[in-house]
Chemist: 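Below: one structure in structure tokens.
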Amino acid sequence: MRDDTIPAGAPLTGMVFAEGERPVFSPGDKARILARSPVGHYRVPTYMRGKFCTVEKIIEPAAVDNEEEAFGRNAGSKRHYYRVAVPMSELWPEYKGPATDGLRIEVYETWLERVPA
Amino acid sequence: MSAHDHSSPHPEPAAPQHGGDYEIMETAVRELLVEKKLIGPGEIRRQIEVLDSRSPALGAKVVARAWLDAGFRGRLLENGRRACEELGISFYDDTQLIVLENTESVHNLVVCTLCSCYPRPVLGLPPDWYKVKPYRARAVSEPRKVLEEFGTHIPDNVEIRVSDSTALVRYLVLPLRPEGTEGFSEEDLAALVTRDAMIGVVAANPPTRSA
């Protein structure tokens with residue numbers, strides 16, 4: 001595993017990154033968790049699908065997709081997980097607690113779509 | 001109230017039945033793997049030993065150190081896994097650890113709605129109530145009610161943050177340091193930190209008067 005105690009420097013001018021190497025989302029980005037219903041192993045709970053969220057943190061290092069790994073495909077392309085914030089009121093319209101109450105969950109990059117700010 | 005004497009909020013949890021389908025499947029797969037010589041009984045026993053060597057005492061040590069040492073606290077919040085490794089706690093898998101700091105304005109609660117993801121390297125095995133559906137479903141939909149059932153009242157001006165563990169990341173709650181613990185040693189502080197406080201269902205225990 002990469003030693004992430006040493007922060008990566010800013011990329012040199014002219015540096016070209018491989019596809020999927022850099023995180024696509026940044027903290028503060030608005031996104032929507034996709035609403036697809038795949039057959040087989042998945043890590044996005046049903047109650048989260050289709051919900052709007054805000055990216056809070058990039059989970060380092062990039063990792064293989066757990067959903068692929070479940071079928072033994074544990075090599076190849078890695079992407080980032082993101083810790084995203086979803087208000088309780090977005091999940092449960094009838095939620096009775098304070099509007100500030102919220103949920104945090106890690107979502108793989110392929111499950112997020114960008115929402116125009 | 002003490003974190004030790006609360007009764008389970010779910011008197012009759014839908015705990016896995018012994019001899020149920022999943023247990024039979026687990027036994028069948030395990031025996032097949034051994035028969036095919038993909039793993040040996042020694043490896044299974046070794047992994048049980050790894051898990052048995054983990055208990056909430058490790059997490060309590062981490063919390064107590066964070067209360068006493070601001071530098072360590074900073075590193076712990078920055079990268080939970082590295083900071084635990086710094087104290088000699090090994091992570092035998094690829095999971096990361098995010099430590100969630102409770103403050104006067106934020107209370108954290110941890111759940112795994114899909115199964116029973118839990119910070120095993122620092123807490124050991126999860127309690128039964130953590131693994132059953134009532135807790136898993138209700139912690140994300142009515143967390144305040146669940147907390148009340150544990151005897152924990154969170155005022156409305158304190159934000160509840162529920163973290164649902166699903167993939168790579170495990171969570172450990174860093175509870176608020178109880179009042180009246182000035183001058184306490186790391187050992188004395190650790191004794192106030194229960195497993196349930198590190199899941200976020202209760203606060204750390206207040207110091208007893210006799211202490």
Side-chain angles (χ1 to χ4, degrees), chain A residues 1-7 33 41-49 51 53 56-70 72 74 78-111, chain B residues 38 74-75 77-83 85-86 91-100 103 105-115 117 133 136-148 153-171 173 200:
Chain A
M1 189 172 281
R2 189 177 78 207
D3 180 359
D4 52 11
T5 53
I6 302 162
I33 300 167
H41 184 83
Y42 58 82
R43 294 288 180 101
V44 177
T46 314
Y47 78 97
M48 299 296 306
R49 296 185 198 176
K51 304 300 180 189
C53 63
E56 203 174 75
K57 183 184 166 80
I58 300 162
I59 308 292
E60 295 286 2
V64 293
D65 186 349
N66 276 163
E67 297 175 359
E68 293 292 310
E69 193 183 17
N74 58 359
K78 291 183 175 181
R79 288 179 188 273
H80 286 87
Y81 279 94
Y82 300 88
R83 178 167 164 87
V84 303
V86 189
M88 283 292 178
S89 54
E90 163 73 4
L91 295 172
W92 323 106
E94 68 284 9
Y95 187 74
K96 290 188 183 64
T100 46
D101 286 359
L103 197 122
R104 302 292 185 277
I105 193 163
E106 71 206 285
V107 178
Y108 202 61
E109 197 166 276
T110 54
W111 272 93
Chain B
L38 291 167
R75 295 194 296 281
L77 297 174
E78 178 66 31
N79 186 328
R81 177 173 172 146
R82 293 255 169 221
E85 286 171 343
E86 194 184 305
F91 279 63
Y92 45 82
D93 56 21
D94 287 335
T95 55
Q96 297 297 323
L97 184 72
I98 288 181
V99 174
L100 306 163
T103 65
S105 56
V106 176
H107 181 89
N108 287 283
L109 179 66
V110 179
V111 64
C112 171
T113 56
L114 292 180
C115 48
C117 296
K133 284 183 179 172
R136 285 157 50 197
R138 296 181 59 226
V140 295
S141 58
E142 43 182 24
R144 287 179 182 268
K145 210 168 161 191
V146 170
L147 288 168
E148 293 284 353
H153 176 72
I154 303 296
D156 279 1
N157 62 354
V158 174
E159 174 186 339
I160 301 255
R161 244 174 239 176
V162 182
S163 288
D164 187 354
S165 344
T166 54
L168 272 190
V169 185
R170 302 294 175 265
Y171 303 98
V173 175

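Just so we're clear, the structure is a prediction, and the values are computed from it rather than from any experiment. Chain A is the first sequence line, chain B the second, and so forth, proteins listed ahead of strands; every chain is numbered from 1.
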Chemist: With a 4.0 Å cut-off on N to O distance, would you call A/Glu60 and B/Arg82 a salt bridge?
Modeler: no
Chemist: Could you tell me whether B/Glu78 atom CD has more than 12 heavy atoms of other residues or ligands within 6.0 Å of it?
Modeler: no
Chemist: Which atoms of A/Ile105 come close to chain B, meaning under 4.5 Å heavy atom to heavy atom: side chain ones, backbone ones, both, or neither?
Modeler: both
Chemist: Heavy-atom distances under 4.5 Å only: say whether B/Leu114 touches chain A with side chain, backbone, both or neither.
Modeler: side chain
Chemist: Is any side-chain heavy atom of A/Ile59 less than 4.5 Å from a side-chain heavy atom of B/Val169?
Modeler: yes
Chemist: Rounded to the nearest 0.5 Å, what separation is found between the CG atom of A/Asp101 and the CZ atom of B/Arg161?
Modeler: 10.5 Å
Chemist: What is the minimum heavy-atom distance between B/Leu168 and A/Asn66, and which atoms define it?
Modeler: N-OD1, 4.0 Å
Chemist: With only heavy atoms counted, which part of A/Lys96 is less than 4.5 Å from chain B, the side chain, the backbone, both or neither?
Modeler: neither
Chemist: Are side-chain heavy atoms of A/Lys57 and B/Ile98 found at a separation under 4.5 Å?
Modeler: yes
Chemist: Under a 4.5 Å heavy-atom cut-off, does chain A meet the side chain of B/Val158, its backbone, both or neither?
Modeler: backbone
Chemist: Kindly give the heavy-atom pair with the smallest separation between B/Arg144 and A/Pro98, and that separation in Å.
Modeler: NE-CD, 3.2 Å
Chemist: Go through the atoms of B/Leu100 and report whether side chain, backbone, both or neither lie under 4.5 Å from a heavy atom of chain A.
Modeler: side chain
Chemist: Quick one: closest heavy-atom pair of B/Val140 and A/Met88, and the distance?
Modeler: O-SD, 3.3 Å
Chemist: What is the minimum heavy-atom distance between A/Tyr95 and B/Pro143, and which atoms define it?
Modeler: OH-CG, 3.6 Å
Chemist: Might you point out which heavy atoms bring B/Thr166 and A/Glu106 nearest each other, and give the distance in Å?
Modeler: N-OE2, 3.2 Å
Chemist: Quick one: are B/Gln96 and A/Pro61 in side-chain contact, heavy atoms under 4.5 Å?
Modeler: yes
Chemist: Working to the nearest 0.5 Å, report the span between CD of A/Glu94 and OG of B/Ser141.
Modeler: 8.5 Å
Chemist: Counting only heavy atoms closer than 4.5 Å, note whether A/Tyr47 contacts chain B via side chain, backbone, both or neither.
Modeler: side chain
